[in-house]
Amino acid sequence: MIVGAWQDVKRILCIRLDYMGDVLMTTPALRALKQSIPGCHITLLTSHSGEAVSRFIPDIDDVITYAAPWMKSSAGIDPQADADMIGMLARCRFDAAVIFTVYSQTPLPAAMLCYLAGVPLRLAHCRENPYRLLTDWVRETEPQERVRHEVRRQLDLVETIGAEADDERMSLRIPSASTAWIIDRLRSAGVNASETWIAMHPGATAASRRYPPQHWREVARTLRASLDCPLVFTGSADEAPLIDEIRTGLSGTLSLAGQLDLGQLAALIALAPVLVSNNTGPAHIAAAVGTPVVDLYALTNPQHTPWKVASRVLFRDVPCRYCYKSVCPHGHNLCLSGVRPAQVVQATIELLHGHAPGEETAMPPLHA
């Protein structure tokens with residue numbers, strides 16, 4: 001049951017300024033708000049990457065895009081744009097704001113934004129005392145006391161005001177036109193979407209989260225030899241050369257790099273019997289649409305594993321784990337490069353045959 005002044009809330013500003021995967025991992029908490037506060041209107045304040053996926057999330061009513069200057073992804077500094085954002089939020093007359101962050105982020109800049117815009121209720125995790133910037137302060141306990149999955153963290157946040165969801169899976173709504181387009185595109189390349197085939201996503205924005213190309217090539221070669229099924233590669237246009245390098249000399253492969261919009265990518269992943277991917281956006285899409293996923297998981301952080309979906313999470317434990325770096329500070333990427341291609345092949349075949357683990361993958365402890 002919703003508590004206190006939150007019972008009268010109708011217009012909620014939800015702030016998630018990170019990337020597509022982070023927004024997807026917030027969807028169960030958004031559903032909890034929608035289900036627990038009947039008739040509420042949710043506006044998402046997010047990055048350009050978050051905006052792209054938000055149109056496919058059923059619990060979001062409106063979106064405001066903002067390149068927040070305190071986020072790593074923001075470009076140049078324009079104080080007037082920040083002042084304009086405060087004015088826009090004030091005109092929207094929100095009743096409350098929920099600020100979603102990872103534990104390495106502070107909510108205080110976003111809280112100040114909402115405070116100056118006159119948003120009366122402001123909820124967030126916070127390490128330091130926020131005083132009047134937050135009306136509902138949830139003490140930050142990560143990582144000193146524990147580390148939760150990112151989805152659980154956000155569900156726990158909204159539960160402090162009484163919001164709960166009857167379904168804690170991530171959500172993504174795929175347009176029927178995107179599904180039809182993908183089926184036709186696969187058919188034109190000789191791939192029957194209803195038969196066995198494998199989707200593969202070898203790219204990632206951060207270099208530290210990329211499985212080595214030569215390992216990808218060995219995985220692809222062995223899967224083709226073992227299963228004789230099509231391999232369908234996805235990625236951005238910039239990743240097309242990487243995919244061409246992996247596919248060189250291999251028959252039965254298809255590259256769709258740079259050819260899909262986000263809806264079509266989600267449709268492709270939803271149709272795939274299994275996805276093999278670095279730990280990046282498509283892995284979270286797979287979890288949201290229920291597609292089994294082999295997640296090549298760089299140990300840059302512990303809390304972003306596939307959520308409530310059949311999966312195999314592959315990594316090599318290293319003393320330097322959880323570095324939170326986009327580029328391996330030691331230059332070896334051993335947490336990923338140490339995963340043998342044979343392990344990836346075995347995990348893929350197991351998921352294709354329906355052999356999913358009965359419980360969530362146990363991640364290494366924070367400290368060696």
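Values below: every heavy atom of this structure, side chains too, minus hydrogens, waters and symmetry copies.
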In residues 255-273, what donor-acceptor pairs under 3.5 Å come from side-chain atoms, sequence neighbours left out?
| residue | atom | partner | partner atom | Å |
| --- | --- | --- | --- | --- |
| S255 | OG | A257 | N | 3.4 |
| Q259 | OE1 | R185 | NH2 | 3.2 |
| Q259 | NE2 | S255 | O | 3.1 |
| D261 | OD1 | G263 | N | 3.2 |
| D261 | OD1 | Q264 | N | 2.8 |
| Q264 | OE1 | D261 | N | 3.0 |

Counting only pairs under 3.5 Å, give me each side-chain donor-acceptor contact of residues 277-287, with atom names and distances, residues two or more places apart or in other chains.
| residue | atom | partner | partner atom | Å |
| --- | --- | --- | --- | --- |
| N278 | OD1 | Y211 | N | 3.1 |
| N278 | ND2 | P202 | O | 2.8 |
| N278 | ND2 | G203 | O | 3.2 |

Can you give the donor-acceptor pairs under 3.5 Å from side chains of residues 53-60 to other protein atoms, not counting sequence neighbours?
| residue | atom | partner | partner atom | Å |
| --- | --- | --- | --- | --- |
| S54 | OG | E51 | O | 2.7 |
| R55 | NE | A52 | O | 3.2 |

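Between E150 and R16 there is a salt bridge, since at least one side-chain N of the basic residue sits less than 4.0 Å from a carboxylate O of the acidic one. Using a cut-off of 4.0 Å between Lys/Arg side-chain N and Asp/Glu carboxylate O, R152 and E159 are scored as not salt-bridged. Between D136 and R122 there is no salt bridge, since no side-chain N of the basic residue sits under 4.0 Å from a carboxylate O of the acidic one.
The salt bridge (charged side-chain N to carboxylate O under 4.0 Å, His left out) contacts involving residues 231-251 comprise D244-R247, where partners must be two or more places apart or lie in separate chains.
For the atom pair CE of M200 and CG of L296, the computed distance is 8.5 Å after rounding to the nearest 0.5 Å.
A search for ring-ring contact (aromatic ring centres under 6.0 Å, His included) contacts involving H330 returns H332, not counting sequence neighbours. In this structure E145 satisfies the side chain to side chain donor-acceptor pair (under 3.5 Å) test together with R139, sequence neighbours excluded.
Counting heavy atoms from C-beta on, the side chains of H201 and V276 never come closer than 4.5 Å.
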Report task. Take L108 and C126, measure what side-chain contact (heavy atoms from CB on, under 4.5 Å) needs, and give me the verdict at the end. Result -> CA-CA 8 Å; L108 294 182; C126 193; 3.8 Å; yes

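Surrounding OH of Y115 are at most 12 heavy atoms belonging to other residues, nucleotides or ligands under 6.0 Å away.
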